[in-house]
Amino acid sequence: QVQLLESGGGLVQAGGSLRLSCAASGRTFSRPVMGWFRQAPGKEREFVALFSRGSGYTRHADSVKGRFTISRDSAENTMYLQMNNLRPEDTAVYYCAAGTLAASTPGGYDYWGQGTQVTVSS
């Protein structure tokens with residue numbers, strides 16, 4: 001079992017920044033890939049970024065490239081998503097996920113956090 005707990009969401013004006021955190025616990029070694037997804041009201045859950053612990057490989061969705069950066073603190077077993085130059089269309093619930101494949105679809109992950117709300121006002 002892997003437990004994931006997100007934090008850091010909130011309300012920010014367009015152009016502002018937020019940093020999301022995902023604290024992982026349990027058998028984290030069994031799930032080397034961690035990702036961020038988001039879901040806006042009435043829309044499907046979409047890929048944001050992923051990090052593979054073994055290789056250090058990262059991938060970001062085209063919609064967030066140059067604005068968002070995924071990173072990890074191995075000592076604390078915590079993953080981060082630094083979000084800069086936020087836009088109203090970034091408003092969504094952001095979820096942390098853990099899996100075994102570097103997948104950009106939700107089906108590639110089998111552990112999820114409860115989500116944290118990010119709201120960007122115009």
Side-chain angles (χ1 to χ4, degrees):
Q1 291 283 346
V2 176
Q3 294 80 41
L4 303 171
L5 182 63
E6 304 97 334
S7 61
L11 173 65
V12 64
Q13 289 187 331
S17 298
L18 283 174
R19 189 176 79 158
L20 304 183
S21 300
C22 174
S25 60
R27 299 172 61 88
T28 58
F29 61 88
S30 69
R31 297 297 185 268
V33 178
M34 295 184 72
W36 286 101
F37 286 77
R38 66 187 182 185
Q39 189 165 17
K43 294 188 177 181
E44 293 187 350
R45 193 166 296 189
E46 67 171 354
F47 170 73
V48 175
L50 67 84
F51 182 101
S52 179
R53 282 204 300 269
S55 62
Y57 171 76
T58 63
R59 186 192 308 165
H60 297 77
D62 288 343
S63 59
V64 306
K65 277 182 183 176
R67 301 188 299 122
F68 293 11
T69 303
I70 191 170
S71 63
R72 176 178 175 262
D73 183 330
S74 58
E76 296 184 358
N77 221 8
T78 300
M79 181 176 66
Y80 302 99
L81 185 68
Q82 178 65 44
M83 305 186 296
N84 298 328
N85 192 20
L86 282 159
R87 303 167 180 169
E89 54 264 38
D90 295 319
T91 295
V93 177
Y94 283 70
Y95 296 91
C96 171
T100 56
L101 300 174
S104 56
T105 56
Y109 298 82
D110 45 9
Y111 290 100
W112 293 85
Q114 85 291 346
T116 185
Q117 176 71 47
V118 171
T119 302
V120 184
S121 62
S122 57

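Looking at R72, its side chain never comes within 3.5 Å of a backbone N or O of M34 through a donor-acceptor pair. The main-chain N or O of S121 is never found under 3.5 Å from a side-chain atom of Q13 such that the two would form a donor-acceptor pair. A donor-acceptor distance shorter than 3.5 angstrom exists from the side chain of E6 to the backbone of C96, with no hydrogens or angles considered. At least one donor-acceptor pair under 3.5 Å links the side chain of T91 to the backbone N or O of V120. Side chain of R59 to backbone of A102: a donor-acceptor contact under 3.5 angstrom is found.
The NE2 atom of H60 lies 13.5 Å from the OG atom of S104; values are rounded to the nearest 0.5 Å. Of the inter-residue distances, the one linking L4 atom CG with T78 atom OG1 reads 10.5 Å to the nearest 0.5 angstrom. Within the model, atoms OG of S30 and CD of Q1 stand 9.0 Å from one another, a figure rounded to the nearest 0.5 Å. To the nearest 0.5 Å, the span separating OG1 on T116 from CG on L81 amounts to 11.0 Å. Taken to the nearest 0.5 Å, the CE atom of M79 stands 12.5 Å off from the CG atom of D73.
Relative to the six-membered ring of Y111, R31 misses at least one condition, a distance below 6.0 Å or an angle of at most 45° to the axis.
P88 and S122 make their closest contact through CG-CB, 3.8 Å (heavy atoms, listed as atom of the first residue, atom of the second, distance). Looking at every heavy atom in both residues, N84 comes nearest to S17 through OD1-OG, 2.9 Å. Heavy atoms only, all atoms of each residue included: G108 and A103 are closest at CA-CB, 3.9 Å.
In this structure the side chain of M83 reaches within 4.5 angstrom of the side chain of L20, judged on heavy atoms. Looking at P106 and Q39, their side chains never come closer than 4.5 Å, going by heavy atoms from C-beta outward. Within the 4.5 Å cutoff, the side chain of T28 has heavy atoms near those of the R53 side chain. Residues L11 and Q117 have side chains not in contact (no heavy-atom distance under 4.5 Å, counting atoms from C-beta outward).
Each of W36, Y109, F37 was checked for a side-chain contact (heavy atoms from CB on, under 4.5 Å) with L50, and the lone residue meeting it is Y109.
Electrostatic pairing of K65 and D62 counts as a salt bridge here, judged by a charged N lying under 4.0 Å from a carboxylate O.
Hydrophobic clustering places I70 together with L18 (ILVMFWY residues linked when any side-chain heavy atoms are closer than 4.5 Å, directly or through intermediates). A continuous path of Ile, Leu, Val, Met, Phe, Trp and Tyr side chains, each step under 4.5 Å between heavy atoms, connects V12 with V48, placing both in one hydrophobic cluster.
In this structure, Q114 places its CD atom where more than 12 heavy-atom neighbours from other residues, nucleotides or ligands lie under 6.0 Å away.
Under the 30°/60° scheme for interplanar angles, the aromatic rings of Y94 and F68 are found to be tilted.
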